[in-house]
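Below is one structure, written out as structure tokens; the observations come after it.
Here the structure is a predicted model, which means the values were calculated and not measured. All values below were derived from every heavy atom in this structure, side-chain atoms included, with hydrogens, water molecules and symmetry-related copies excluded.
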Amino acid sequence: MSKNFYCDGVDKAPQRSLLNALGMTKEEMQRPMVGIVSSYNEIVPGHMNIDKIVEAVKLGVAMAGGTPVVFPAIAVCDGIAMGHKGMKYSLVTRDLIADSTECMALAHHFDALVMIPNCDKNVPGLLMAAARLNVPTVFVSGGPMLAGHVKGKKTSLSSMFEAVGSYSAGKYTLEDVEEYENKACPTCGSCSGMYTANSMNCLTEVLGMGLRGNGTIPAVYSDRIKLAKHAGMAVMELYRKNIRPRDIMTEKAFENALTADMALGCSTNSMLHLPAIANECGIKINLDMANEVSARTPNLCHLAPAGHAYMEDLNEAGGVYAVLNELAKKNLIHTDVMTCTGKTLGENISGVINKNHDIIRPIENPYSETGGIAVLRGNLAPDGCVVKRSAVAEEMMQHKGPAKVFDSEEEAIEVILGGGIQAGDIVVIRYEGPAGGPGMREMLSPTSAIAGMGLDKEVALITDGRFSGATRGAAIGHVSPEAVSGGIIAYVKDGDIISIDIPNHSITLEVSDEELAERRKTMEIKVKTNLTGYLKRYSKMVASADKGAIINY
């Protein structure tokens, strides 16, 4: 086996003296040094079990002949950060995670890496770092939460947020809300529906960077510990074969990820993260590619919030590999791409059975012939905007109504919970984009309030911010250009008619060009001037949502 960077030569004696200070033996120094990137912390439910995953990975690495060394990565819980200033600090951590992991890995010259993420920005941040570093790398996530059980039905965090709206509408009592509060999130793990964290953990499998079950084996299952041990072993095999992330995350692999995204009905946040990860690989993904892939990809899964199935159900039905096998039946994915198993994707999925046709529809009988995400364009969003069409009611696929305009999420929530939104309205929330927010907050609180009031089939929401994967309804985000950049969304007024046509990928503000030109002269762009610290820097460096909100270096 190859020796690591530190083990030979007098010139490395100072470094070896510091490794001695760690209690590292000569035998350990002579083995490849594998960095274990641990996202463990005690505030994020999806990360509280990662210490167990870390120990299992370390054992797997050691069993296969490597020396495991742990270092940390940060993670924010989007659910806890939701609906207040804290959400400004969610998306921005994606780049902090990538940058800090790069710093640690290169400063200490690791030979290989095992990334252990779980939640929303933590997964793409570490995938970005893996692409940037390009040393042999395997991912193993902390795993999804089990579904909650309320009033005899499975439930999840999105139901908890909607319960708040139901209470405001007089549909639930305080006792009802308290029952959801105590039962919606029953175990550790990433929230139990096809929200952003689980979307990205599933797409990590599709990209070839995680072993089978990475996205679906529940956090509390012993199989998750076994998976972690196998991940530790697998990275040593990649090291021996010199298979690196950019050998795996190729253009074909990203096409596969977009295709699986459409079939699974993933979070719209994947339209921010996949372009950002691809960018680190030197590959360009634009929003138009999403519609091209969607046009040929059937939607096979309706997991929460689009339906009443959860990640544990997808796991029992055969997981991500079973979905990929369905897609392969019509040659919709590239099966010849390399993966972290050291085998091709086709070899990995061969013989995998779809065990539950109610959870994973057969390719011949999809929920729809087109994918779960749609990109819309029009004068309101000339550079595009995104909607999770698989979570939109049929009656809202085409909708026209008057705008109710708000310059922040807080303003909108106050009016929604106060009963100020009527059936047919289109709620517009602006100045929440990547630069204008800054941080592009998720709008789960307003969409959940609307759904909880029973208006999700009658009211649309449009924003230059974004949505949680837990959002359902006609929720259209990522409007580009954003308001602070002079996008048309900055010039919408109360009562303006907006026309939404999801099947035809269009969104139109029915205001004349002449009137818009006049508004540009009289309506001032609202730039936040009181920013400090990281948000101040971020707002000056971040690109627009249609480019994945990447940092412009």
Side-chain angles (χ1 to χ4, degrees), residues 36-60 70 72-80 114-127 138-149 154-160 182-205 209-232 234 264 266-267 303-305 309-321 359 468-470:
I36 313 297
V37 187
S38 169
S39 304
Y40 169 77
N41 64 48
E42 294 183 339
I43 186 62
V44 183
H47 291 239
M48 64 174 286
N49 66 316
I50 281 178
D51 56 340
K52 308 297 188 299
I53 304 295
V54 167
E55 291 306 312
V57 169
K58 288 173 66 178
L59 184 57
V70 179
I74 64 169
V76 165
C77 177
D78 280 27
I80 294 174
V114 179
M115 307 287 198
I116 311 178
N118 210 26
C119 289
D120 296 31
K121 313 313 165 306
N122 184 243
V123 183
L126 289 179
L127 283 165
V138 173
F139 276 66
V140 56
S141 74
M145 184 183 290
L146 293 178
H149 291 265
K154 286 186 177 181
T155 191
S156 61
L157 182 66
S158 56
S159 300
M160 177 70 256
N182 290 323
K183 295 180 178 179
C185 300
T187 73
C188 63
S190 48
C191 296
S192 55
M194 187 55 82
Y195 309 153
T196 304
N198 293 325
S199 294
M200 295 310 302
N201 283 322
C202 287
L203 295 182
T204 298
E205 276 189 65
M209 293 298 293
L211 301 177
R212 182 183 180 184
N214 177 74
T216 59
I217 297 172
V220 295
Y221 282 14
S222 298
D223 277 350
R224 177 62 56 177
I225 300 298
K226 295 178 185 178
L227 181 72
K229 292 174 184 175
H230 284 131
L264 286 164
C266 290
S267 162
L303 300 166
Y310 295 84
M311 297 306 295
E312 62 202 66
D313 302 313
L314 179 60
N315 187 62
E316 294 301 320
V320 173
Y321 277 20
I359 304 300
S468 165

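The closest side-chain heavy-atom distance from Leu314 to Asn198 is not below 4.5 Å. A heavy-atom distance below 4.5 Å is not found between the side chains of Tyr40 and Val54. Taking 4.5 Å as the limit, every side-chain heavy atom of Pro186 sits out of range of all side-chain heavy atoms of His149. With contacts defined as side-chain heavy-atom distances shorter than 4.5 Å, the pair Cys202/Met311 qualifies. Ser190 places a side-chain heavy atom less than 4.5 Å from the side chain of Pro144. Side-chain contact check for Lys121 versus Asp78: some heavy-atom pair is nearer than 4.5 Å. With a 4.5 Å cut-off on side-chain heavy atoms, Met194 and Cys266 count as touching.
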- Query: Can Ile53 and Arg224 be said to form a side chain to side chain contact (heavy atoms under 4.5 Å, CB included), step by step?
  - Reply: CA-CA 8 Å; Ile53 304 295; Arg224 177 62 56 177; 3.4 Å; yes
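Shortest non-hydrogen contact noted between Tyr310 and Leu303 is O-CD2, 3.8 Å. Looking at every heavy atom in both residues, Ala184 comes nearest to Met160 through CB-CB, 4.1 Å. Nearest approach of Ile359 to Ala309, heavy atoms of both residues: CD1-CB, 3.7 Å.
Every residue meeting the side-chain hydrogen bond (donor to acceptor under 3.5 Å, both in side chains) condition with Lys183, not counting sequence neighbours, appears here in chain and number order: Glu179. Taking the salt bridge (charged side-chain N to carboxylate O under 4.0 Å, His left out) definition, one finds that Asp223 meets it with Lys226, sequence neighbours left out. Residues satisfying the side-chain contact (heavy atoms from CB on, under 4.5 Å) test with Cys188, not counting sequence neighbours, are Met48, Asn49, Ala219, Val220. Residues passing the side-chain hydrogen bond (donor to acceptor under 3.5 Å, both in side chains) test with Ser39, sequence neighbours excluded: Asn122. Looking at residues two or more places apart in sequence or on another chain, you find a side-chain hydrogen bond (donor to acceptor under 3.5 Å, both in side chains) between Asp313 and Lys154.
Remark: the backbone N or O of Pro305 is not paired with any side-chain donor or acceptor of Ser158 at under 3.5 angstrom. Under the 3.5 Å distance criterion, the side-chain polar atoms of Thr196 are left unmatched by any main-chain donor or acceptor of Ser267.
Atom CD1 in Ile225 sits 10.0 Å away from atom CD in Glu55 (nearest 0.5 Å). Interatomic distance, CD1 of Ile43 versus CD1 of Ile80, reported as 4.5 Å (0.5 Å rounding).
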Ignoring hydrogens and angles, write down the donor-acceptor pairs under 3.5 Å from the side chains of residues 209-218, residues two or more places apart or on other chains.
residue	atom	partner	partner atom	Å
Asn214	OD1	Ser141	N	2.8
Asn214	ND2	Asn201	O	3.0
Thr216	OG1	Asn315	OD1	2.9

